[in-house]
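We use all heavy atoms of the structure for the numbers below, so side chains are in, but hydrogens, waters and symmetry mates are not. Both counts, for ligands and for their atoms, begin at 1 and track the order of listing. Because the structure is a prediction, the values reported are computed rather than measured.
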Amino acid sequence: MTCPSSALSRFRPSPWSLAIAVGLLLLSTLPGQAAVRPEERVRALVQAMTLEEKVGQMTQVSMELLSKELQSDQPHALDPAKLLEAIRTHQVGSILNEGGMGYTQAHWREVITQIQEVATKETRLKIPVLYGVDAIHGATFTLGATLFPQAISLASSWNLDLARQAGAITALEVRASGIPWNFYPVLDVGRQPLWPRFWETFGEDTHLTARFGTSYIQGLQGDDYGAPDRVASCLKHFVGYSVPASGFDRTPAYMAERTLREFFLPPFAAAVRAGAPTVMVNSADIDGIPGHANHHLLTEVLKGELDFQGFVLSDCRDIKRLYSRDRVAASPKEAVALAINAGVDMSMVPSDYSFPELLIQCVLEGLVPMARIDEAVTRILGVKARLGFLDDPNRAYPDPALQEVVATPEHTAINLEAARESIILLKNEHHTLPLTKSATVFVTGPTADKLSVLNGGWTITWQGRTESLYPQEKFTVLEAIRAKIGPERVTFLPGSTFDATLDLKATVEAAKKAEVTILCLGEGAYCETPGNITDLTLEPAQLLLAQELLKTGKPVIVVLLEGRPRVIAPIVDQAAAIVLGFLPGMEGGRALADLLFGEVNPSAKLPCSYPKAPNGHVTYDHKPLEEKEKNRYDPQFPFGFGLSYTTYDYRDLTLGKESLGRGESQTVSVKVKNSGRVAGKEVVQLYLQDEFGSVSRPVRQLKGFRKIALLPGEEREVTFTLTMEDLSFIGLNNTRVVEPGTFKVMVDRLEQGFTLK
Ligand code: BGC
C-alpha cells in the first residue's frame with residue numbers, strides 16, 4: 001500500500017476491539033456456549049479491522065492475477081507468491097475466475113483449498129475468501145458438469161419445478177468444487193432481442209422472469225445458502241441493462257422511472273424477498289447515469305425501498321470505466337469514490353490492486369466516509385457469516401463429503417427432461433411431425449453437428465465456442481437422429497457455415513434423395529459484446545440454403561438453435577415445420593430427436609414474441625396505441641405460443657366475484673381438456689387487462705400460469721388467485737397504485753370481466 005502509516009493510524013482499531021472480536025469468534029465455537037448471533041460477530045469484527053483490512057474485504061480480484069504464466073493447454077496453476085501478495089499483503093476478500101476454461105472438480109478443490117489455506121492461516125483475522133463463479137446454466141467451469149438449457153430455453157418450458165431442480169443441481173455441482181457463490185440468476189428482462197445477452201434472460205415478461213428467478217434461487221439456496229450443498233445467489237444486473245437502444249451490449253438505455261419500476265424492477269424485488277444475498281450492478285447506463293454511479297437506484301431503491309440487506313458487487317472493471325469510458329469521474333480515484341458513495345460494496349477490479357489503494361486514499365482525503373466503508377464491510381461479512389465461514393473457517397474449504405458430484409445419471413435425466421420441455425414447436429403443417437422412424441432423412445445446416453450451438457456462451461469457456469473441449473460422448477442433433485433411427489437412414493452435408501453457403505448443388509441433390517430434410521439453422525455460440533449484431537435477420541447464406549431446399553418440394557423441417565429470435569420471415573410460409581430450440585443445453589440434441597420422432601410431445605411456449613421483421617419490435621404487453629394498424633403487434637409468433645401433438649380445449653372460465661372490494665382477492669378458474677389422442681403437458685396462461693387507467697395500461701399482462709399434465713380425454717380445473725398487487729401498476733407519481741374500474745381476465749380464447757370498487 002502506498003499510504004503513510006501515520007495517516008492510516010487514525011483508523012487503527014484499539015487492541016481491545018481485536019480481543020473482543022477474537023473472543024466472540026472463540027466463544028461461538030466452544031461447546032456448550034450459547035451461539036453468538038452473526039450480526040454481533042460481524043459488528044465486533046468490523047470494529048477490530050484496520051482500514052486496509054476493510055478495503056481488502058471490498059476487493060475482488062481474478063484468479064488470472066494469482067496464477068502462473070498461462071500455458072494454453074494447461075489449467076491455471078496458482079502462483080504461491082502472487083497468492084500471498086493478494087491475500088496477505090492486500091487482504092483481498094474475494095476472488096473470481098474471469099475467464100479461463102473448465103477444470104476438473106479435483107482441480108477446483110485443490111485451488112480453493114490453496115486459497116483458503118492462505119486466508120485462514122496467513123492473515124491476522126483469518127477471514128476466509130469468498131470465491132464466486134458464473135455458473136450460468138450449470139457449473140459452467142467444471143468439466144463434465146450438468147449443463148442445462150440456457151435461461152431463455154428454461155423459461156420456454158414454463159415449468160418452475162425444472163428451474164428449481166436446475167438451480168439445486170447447479171448448486172450441488174458448484175459446491176462440490178468448493179465454490180459457495182454463483183453470479184446468477186440474470187433477472188434482466190429480455191425486451192430487446194438484438195441484445196447479445198438476450199438468451200441469458202427468462203424472456204420478455206416481468207412476471208415470468210420474477211417467477212423463474214425466484215424458483216431458481218430456491219433451488220440454488222434452499223432454506224439456507226450456507227448448507228453444504230447450496231450456494232449463495234447473485235442477482236444481475238441491477239437494473240435496466242437489457243434494453244440498450246442500439247441493441248449493442250453495454251450501451252445506453254433510455255427509460256423513464258415508471259417504465260423501470262413497472263417492467264424491470266419487480267423481478268429484483270421478488271428475488272430480494274426470496275433471500276438473494278448479493279446483487280451485481282448494470283454495466284451500462286440509463287439516461288446518462290452509469291449503473292455504478294447511480295446512488296438513487298443502488299442506495300435509495302435497492303437498499304432502501306427494497307430493503308436489500310446483502311451486498312452490491314460491481315461488474316467487471318466497471319468502477320474504472322466511470323473514468324475511462326463514461327467520463328463521469330475525472331480520475332480513477334474519483335471513480336472509486338463515486339461508485340462506493342453510490343452504494344457499490346465490493347469491486348470486481350479484477351486484475352490489479354488499484355481499487356484498495358485508491359479507496360484508502362479516498363477515505364484519508366474524506367472523499368468516502370468511514371461509515372460507508374463500515375456499512376459495505378458489514379454487508380460483505382454478513383454474507384460470509386451466513387455461509388458459516390466466520391463460525392468455522394473449515395466450512396470455506398471444499399467439503400470432503402461432496403467429492404465428485406458431476407452429472408450423475410439422475411442429474412442428466414433431469415437435464416434431458418428440461419431440454420425436452422424447453423423446445424418449442426412453432427409450425428407443423430399437415431402434421432409433418434412427428435416423423436416415423438422408418439423415414440429417410442437428410443440432415444443439413446450449420447447447427448446440425450455442433451455441441452456449442454446447443455449450449456451457447458458460458459459453456460466450459462466464456463464464449464463457449466471451443467468445440468474440442470465439449471464432452472464428445474454428448475449428442476449433436478445429427479448424432480442423436482442417427483442414434484434414433486439408425487445411421488443408414490440418415491445422410492448429412494453441412495450446406496452452409498453460419499454466414500456462407502457451401503456446395504449448394506450437392507446439398508440440394510442430397511435433399512431430393514431423402515423423404516424429408518431436417519435443416520438446422522441459427523447462431524454460433526457467443527457471449528456479451530462479441531455477440532453484437534446489426535441485423536436481427538438470420539444470415540442471408542442460411543436463408544438462401546433454406547430457400548434452395550424448399551424449392552425441392554420435399555418437406556423441410558427447420559430446427560432453430562439460436563440465442564435470440566432471428567428473423568426467418570422469408571422461409572416461414574414454405575417450411576413444413578419449425579422447431580425452436582434456442583439453447584437447449586448439453587442434452588438438447590437427444591431431446592430434439594425425441595421430439596422430432598414423437599417420443600416426446602412438445603409442451604414449450606415462447607417466453608418472448610418472435611419478430612417478423614428486424615425493426616419495429618413490439619412486446620406482447622404493449623400499449624393500446626400499438627394495437628392500431630401499422631403500429632400493431634404483429635409478430636411472426638406471439639408470446640406464449642407453442643404447438644403440441646395433441647389439442648386442448650378450454651371452457652368455463654369462472655370468476656369468484658363480479659365485483660371486488662379494495663384489498664380483496666379474486667379467484668379465476670378454468671377447465672382444460674386434452675381433446676387429442678396423445679398425452680401432453682399444457683401451459684395454462686392467465687392474462688389481465690386493466691381496461692382504463694390514469695396511465696395507459698398494457699393490453700394484457702401475464703399474471704399467472706400453470707403447467708399441467710393431461711392424458712387423452714382427461715379434463716382438469718385450474719384455479720388462480722389474483723391479488724391487489726396483480727391489479728396494481730406504477731401510477732402518475734411513479735409509485736404503485738390500484739385504481740378502481742373494470743378489469744378483463746383472459747385464458748386462451750375465453751374472457752370474463754369484473755369491477756374493482
Ligand atoms: C459479466 C457478468 C459476469 C462477470 C464475471 C461480466 O463481464 O457482465 O455477468 O458475472 O463478467 O464473469
Lys/Arg-Asp/Glu bridge criterion (N-O < 4.0 Å) met for Lys236, Asp134: yes

So what's ligand 1 close to, N/O to N/O, under 3.5 Å?
residue, atom, partner, partner atom, Å
ligand 1, 7 (O), Arg250, NH2, 3.2
ligand 1, 7 (O), Glu528, OE1, 2.9
ligand 1, 7 (O), Glu528, OE2, 3.2
ligand 1, 8 (O), Arg197, NH1, 2.7
ligand 1, 8 (O), Arg250, NH2, 2.8
ligand 1, 8 (O), Asp315, OD1, 3.4
ligand 1, 8 (O), Asp315, OD2, 2.5
ligand 1, 9 (O), Arg197, NH2, 2.9
ligand 1, 9 (O), Lys236, NZ, 3.0
ligand 1, 9 (O), His237, NE2, 2.7
ligand 1, 10 (O), Asp134, OD1, 2.6
ligand 1, 10 (O), Lys236, NZ, 3.0
ligand 1, 12 (O), Asp134, OD2, 2.5

Arg197 charged N/C atom sitting above Tyr241 aromatic ring, 6.0 Å / 45°: no

Pick from Phe311, Tyr225, Tyr131, Phe389: which one makes a ring pair (Phe, Tyr, Trp, His ring centres under 6.0 Å) with Trp181? Phe311

The residue among Leu469, Thr104, Val406 that forms side chain to side chain contact (heavy atoms under 4.5 Å, CB included) with Leu143 is Thr104

Which residues pass the side chain to side chain donor-acceptor pair (under 3.5 Å) test with Gln165, sequence neighbours left out? none

Ring-plane angle category for Tyr526 and Trp199, please: parallel below 30°, perpendicular beyond 60°, tilted otherwise. perpendicular

